[in-house]
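In what follows, every chain begins at residue 1, and chains take the letters A, B, ... in the order their sequences are listed.
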Protein chains: 2
Amino acid sequence: MYYTIAQIAEKTGLTAHTLRYYDKEGLLPFVERSGSGIRQFKEIDIEWLAVISCLKDTGMPVKQVKVFIDWCMLGDKTLRQRHNLFLEQKKQVDAQIAQLKKYLKKINYKIAYYETALKAGTEKVHTSQKCRTQAKKKMLAGAKKKPAKRR
Amino acid sequence: MYYTIAQIAEKTGLTAHTLRYYDKEGLLPFVERSGSGIRQFKEIDIEWLAVISCLKDTGMPVKQVKVFIDWCMLGDKTLRQRHNLFLEQKKQVDAQIAQLKKYLKKINYKIAYYETALKAGTEKVHTSQKCRTQAKKKMLAGAKKKPAKRR
DNA sequence: CCTTGACTTAGAGCTAACTCTAAGTCGTAT
DNA sequence: ATACGACTTAGAGTTAGCTCTAAGTCAAGG
């Protein structure tokens with residue numbers, strides 16, 4: 001049972017244009033064709049596309065994804081490389097999440113800042129910089145000694 | 001005490017080129033100039049740049065960051081908009097983190113997959129598809145048996 | 001005075017990842 | 001048979017975000 005490119009576009013959220021682009025870039029060597037050249041996607045190809053999206057959306061450039069796909073096509077002799085690739089990608093994603101969490105803290109601080117300002121009717125409520133100075137003091141103190149609060 | 005563009009590039013990790021580009025795009029209206037037009041960055045400008053990087057790195061396009069900066073320059077009458085902007089950005093970042101965590105699970109599964117394959121010396125250890133089939137059963141429990149009529 | 005080096009500008013060039021166009025083929029429905 | 005719509009291709013165009021170049025200004029050191 002085969003899917004057309006339009007059906008796969010529907011299923012994956014990618015456009016048919018993008019799928020052809022990926023194919024042209026060598027990301028879809030596993031997709032079969034009919035006698036007249038029509039792409040015939042199978043269930044398993046949807047799994048391939050999920051892996052491709054995972055790598056791409058976690059920051060891997062298309063060219064490097066192609067390298068991975070090529071390794072897959074080469075079989076067992078590239079197992080080690082592929083294993084390393086995912087270990088490396090895990091590191092990347094861990095770092096991305098850590099960075100986003102830092103930014104989230106900054107955003108939460110800003111939300112609190114604007115809530116205070118809205119209540120006061122003016123941003124000037126912050127210009128004495130009491131808050132900022134105190135926050136700094138807290139952070140500096142926290143950096144020195146780790147609070148033993150766990151569980 | 002002022003910093004040159006090169007010193008700020010050093011401190012922020014952005015290039016001097018990029019800082020001029022941001023300025024040209026209207027992101028740095030708060031940066032003062034000397035009589036001869038040299039940018040004079042102050043401590044507070046480093047904080048501005050940290051906020052700009054936070055918004056940009058969490059997915060906000062430069063043009064929308066400019067809108068935010070313009071709001072800041074307009075003073076208290078834009079407090080509500082700025083508050084909303086950060087609430088919205090928080091949603092975005094929460095969603096990004098959630099998506100990355102999903103991808104991380106997929107990557108961890110792949111790492112385990114390749115570890116098993118490496119131990120066995122071949123990927124064929126997975127071709128019985130016991131694991132995958134069982135996972136599918138879980139996920140598809142309820143949505144199965146489509147007549148699936150296709151060319 | 002002249003050189004050096006950091007800065008200035010406008011604007012061109014680059015890269016990644018699409019996004020679209022034009023011209024053409026194919027398979028089915030009227 | 002012919003029209004329709006979905007597919008095919010090569011290749012051009014677009015966008016964001018830089019990245020760099022060329023030509024010029026300016027202040028300090030030899």
Side-chain angles (χ1 to χ4, degrees), chain A residues 1-42 45 49-69 89 92 96 99 103, chain B residues 1-42 45 49 51-69 89 92 96 99 103 149-151:
Chain A
M1 212 62 272
Y2 297 120
Y3 300 102
T4 67
I5 199 168
Q7 289 168 330
I8 290 295
E10 173 77 11
K11 273 179 190 284
T12 60
L14 301 165
T15 69
H17 280 311
T18 300
L19 286 164
R20 287 193 202 98
Y21 162 69
Y22 284 174
D23 198 2
K24 193 164 51 177
E25 295 300 310
L27 264 54
L28 315 178
F30 45 82
V31 174
E32 290 171 16
R33 303 291 188 110
S34 72
S36 54
I38 307 280
R39 289 175 190 84
Q40 297 178 316
F41 290 82
K42 303 190 300 297
D45 297 343
L49 285 167
V51 175
I52 288 169
S53 289
C54 173
L55 292 174
K56 253 189 28 60
D57 294 353
T58 54
M60 187 177 288
V62 167
K63 269 172 198 174
Q64 205 177 331
V65 177
K66 178 183 161 28
V67 170
F68 165 70
I69 297 288
Q89 201 65 8
Q92 299 293 321
Q96 286 168 33
Q99 179 62 74
Y103 282 138
Chain B
M1 206 53 247
Y2 296 121
Y3 300 102
T4 67
I5 199 168
Q7 288 168 328
I8 291 295
E10 172 75 12
K11 271 177 192 284
T12 61
L14 301 164
T15 69
H17 280 311
T18 300
L19 287 165
R20 285 193 203 100
Y21 162 70
Y22 285 174
D23 199 2
K24 192 163 54 178
E25 295 299 310
L27 264 53
L28 314 179
F30 44 82
V31 174
E32 291 171 16
R33 303 291 188 110
S34 72
S36 55
I38 308 280
R39 289 175 190 83
Q40 296 177 316
F41 291 82
K42 301 191 301 296
D45 297 342
L49 285 166
V51 175
I52 288 169
S53 288
C54 172
L55 292 173
K56 253 187 29 57
D57 293 353
T58 54
M60 186 177 289
V62 168
K63 271 172 196 172
Q64 206 178 329
V65 177
K66 178 184 161 26
V67 170
F68 165 70
I69 297 288
Q89 201 66 8
Q92 299 293 320
Q96 285 168 34
Q99 179 62 76
Y103 282 138
K149 191 180 170 190
R150 294 204 172 78
R151 350 179 166 178

field: A:K56 side-chain N/O to C:dC18 phosphate OP1/OP2 under 4.0 Å
entry: yes

Shortest non-hydrogen contact from A:L55 toward A:F68: CD1-CD2, 3.7 Å

task: Return the residues of residues 14-35 of chain A meeting this criterion: a heavy atom under 4.0 Å from some atom of DNA chain D. Order them by number, or give none.
output: A:R20, A:K24, A:R33

message: Please list all pairs meeting ring pair (Phe, Tyr, Trp, His ring centres under 6.0 Å) that have one or both residues in residues 2-22 of chain B, counting only residues at least two apart or in different chains.
response: none

- request: Could you state the atom-to-atom distance from CE of B:M60 to P of D:dA16 in whole Å?
  value: 15 Å

field: Residue met sooner reading DNA chain D from 5', once A:S36 and B:P61 are mapped to nucleotides
entry: A:S36

task: State, to 0.1 Å, how close B:L28 and B:L49 come at their nearest heavy-atom pair, and which atoms those are.
output: CD2-CD2, 3.7 Å

field: Nearest-Å distance for atom pair CD/C1', residues B:Q40 and C:dA6
entry: 14 Å

query: Minimum heavy-atom separation for A:Q96 to A:T58, with atom names?
result: NE2-O, 2.8 Å

- prompt: Hey, is the side chain of A:R39 poking within less than 4.0 Å of OP1 or OP2 on D:dT8, counting only N and O atoms?
  reply: yes

Enclosure of B:Q99 CD (heavy-atom neighbours >12, cutoff 6.0 Å): yes

statement: Sorted by chain and residue number, the side chain to side chain contact (heavy atoms under 4.5 Å, CB included) partners of A:A9 (sequence neighbours excluded) come out as A:L19

task: Grab the CD1-P distance between A:I38 and C:dT28 for me, whole Å please.
output: 11 Å

task: Using whole Å, report how far CZ of A:F41 lies from P of D:dA6.
output: 16 Å

- line: By nearest-nucleotide position on DNA chain C, the 5'-leaning member of A:K63 and B:A6 is B:A6

